[in-house]
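Everything below concerns the one structure shown next.
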Amino acid sequence: MAEIQIEFDVPAEMRDGTVLRADVYRPGGTGPWPVLLSRLPYGKHTPVAAIGLDPLAAARRGFMVVVQDTRGWFVSDGEWEPWKSQPISWTGPHW
């Protein structure tokens, strides 16, 4: 399974119409394959050591890997709104 197919800046339209872009790494041959998804505000091309995932190594082991830029960062559209839809999960005073 040495052959790997890579597509760069693959668009994915979200429910609100915002387009996020990802690099997709596929093993050679026909699927289906299990998928590893990484969505980061640090850029799809962040060094492997920083994100803890080597997409090429994972694809060689039979995984499809999708590394996506977060909304509003790098080549993804939209506006960065951290914690907008996430409940507050800590106690005490909030900032």
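Atom set for the values below is all heavy atoms of this structure, side chains included, hydrogens, waters and symmetry mates excluded.
What you find for Arg21 and Ser76 is that their closest heavy atoms are N-OG, 2.9 Å. The heavy-atom pair separating Pro27 from Gly62 by the smallest distance is CG-C, 3.7 Å.
Side-chain N/O atoms of Arg71 and Thr18 include a donor and acceptor closer than 3.5 Å.
By the rule that hydrophobic residues join a cluster once side-chain heavy atoms approach within less than 4.5 Å of another member, Val65 and Phe8 end up as members of one cluster. Val66 and Trp33 fall within a single hydrophobic cluster, where Ile, Leu, Val, Met, Phe, Trp and Tyr are joined by side-chain heavy atoms under 4.5 Å apart, directly or via other members.
Taken to the nearest 0.5 Å, the CZ atom of Arg60 stands 12.0 Å off from the CD atom of Glu3. Atom CZ of Phe63 sits about 10.0 Å away from atom CG of Leu53, to the nearest 0.5 Å. Here CG of Asp54 is found 9.0 Å from OH of Tyr25. Values are rounded to the nearest 0.5 Å.
A 4.5 Å side-chain heavy-atom check between Leu56 and Ile4 finds at least one atom pair inside the cut-off. With a 4.5 Å cut-off on side-chain heavy atoms, Ile6 and Val24 do not count as touching.
For the pair Asp23 (side chain) and Asp9 (backbone), a donor-acceptor distance under 3.5 Å is present.
In this structure, Met14 shares a hydrophobic cluster with Leu20, the cluster being traced through Ile, Leu, Val, Met, Phe, Trp and Tyr side chains under 4.5 angstrom apart.
Among residue pairs with one or both ends in residues 25-39, those qualifying as salt bridge (charged side-chain N to carboxylate O under 4.0 Å, His left out) are Glu7-Arg26; sequence neighbours excluded.
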